[in-house]
Visitor: 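Got a structure here, written out as structure tokens. Questions coming.
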Amino acid sequence: MESPRSSEDVLALLAWQVELGADEAICDAPIDRYTLPAEAPKRTPRAAALPSAPAAPEPEVDPVAAARMAASAAKDLAGLAAAMEAFDLCPLKRGARSFVFSDGNPVARVMIIGEAPGRDEDRIGRPFVGRAGQLLDRMLAPIQLDRTATDPAHAVYITNVLPWRPPQNRTPEPAEIAMMLPFLEAHIALADPEVLVLMGNTPCQTLLGRSGITRMRGTWTEALGRPVLPMFHPAYLLRNPAAKREAWADLLDLQARLRA
Ligand code: URA
């Protein structure tokens, strides 16, 4: 006959089982799992174990629809900048240091659209301020365009497809572009420029639905009811100085258009 155990014995036995790796008390009697049905019976939770109210499912948010609504409510550029900066559904916002809206003069006849802020733009909070931006300024000067000009005839207004820097300057994802497009469209409508200059493939893909800047550059087309000139991006010109020749031809074409 088994002798009754003292509480010390029981605790010692428990410690021994824990040492062996037992970490859960299951039940008093052993279960022959070979005789159990293949599928475990569904457990019906006891009423007491049920949560008091079922959790409401998270509402699905369509970022493009949300952006459209936020952008359409903006009555002026300041309102648009505020709505865009408050927009939380673009994942790029979390990784960026600055919100980069625009530079130059919004009364300008020419609006230049780039891709997205790079490292310098993210640090400073203004578009095209790094090496590519400095080249852009040097390209515009000979045709008497200047982002600091107050006179609309000589001013330019500058923005990007995206206001937040993509990590490591990677190419923006189509979903990121799609959700920021309503803001860009509103930006163009509110600034109301006479012509748009698209720098490189990303703004061409965004506003014209096609890319291939080597073929497209220098040929006037139309977007949102406005004349559009696709051009090589200044960052491309820094890497391929031989292409500056074509860029110069495009700048002269832009100047002729503005004089016409
Ligand atoms: N490249 C862009 O497209 N935009 C900037 O603002 C800077 C570099």
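Sequential numbering from 1 along the given sequence is applied to the chain's residues. Counting convention: from 1, in listed order, for ligands and their atoms alike.
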Visitor: By the definition side chain to side chain contact (heavy atoms under 4.5 Å, CB included), identify the one residue from Leu92, Thr171, Asp122 that meets it with Pro166.
Guide: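 That would be Leu92; it is the only one of Leu92, Thr171, Asp122 passing the side chain to side chain contact (heavy atoms under 4.5 Å, CB included) with Pro166.
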Visitor: Can you work out which protein residues put a heavy atom within less than 4.0 Å of ligand 1?
Guide: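 Within the 4.0 Å shell of ligand 1, which is judged on heavy atoms, sit Gly114, Glu115, Ala116, Glu121, Pro127, Phe128, Asn160, His233.
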Visitor: Quick check: does any side chain N or O of Asp146 sit under 3.5 Å from a backbone N or O of Ala155, one acting as donor and the other as acceptor?
Guide: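 Judged by distance alone, no pair lies under 3.5 Å.
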Visitor: Quick one: sort the Phe99 and Trp164 rings into parallel, tilted or perpendicular, breaks at 30° and 60°.
Guide: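 Phe99 vs Trp164 ring planes: tilted.
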Visitor: For the residue pair Leu207 and Leu181, establish whether any side-chain heavy-atom pair is separated by less than 4.5 Å.
Guide: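 A side-chain contact under 4.5 Å exists here.
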Visitor: Could you give the side-chain donor-acceptor pairs of residues 220-233 under 3.5 Å, partners two or more places apart or in another chain?
Guide:
unit_1	atom_1	unit_2	atom_2	d
Trp220	NE1	Asp253	OD2	3.4
Arg226	NH1	Asp192	OD1	2.8
Arg226	NH1	Pro193	O	2.7
Arg226	NH2	Asp192	OD1	3.2
His233	ND1	Ala235	N	2.9

Visitor: Is the backbone of Ala149 close enough, under 3.5 Å, to the side chain of Asn105 for a donor and an acceptor to pair up by distance?
Guide: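 The answer is yes, because a donor-acceptor pair under 3.5 Å joins these two groups.
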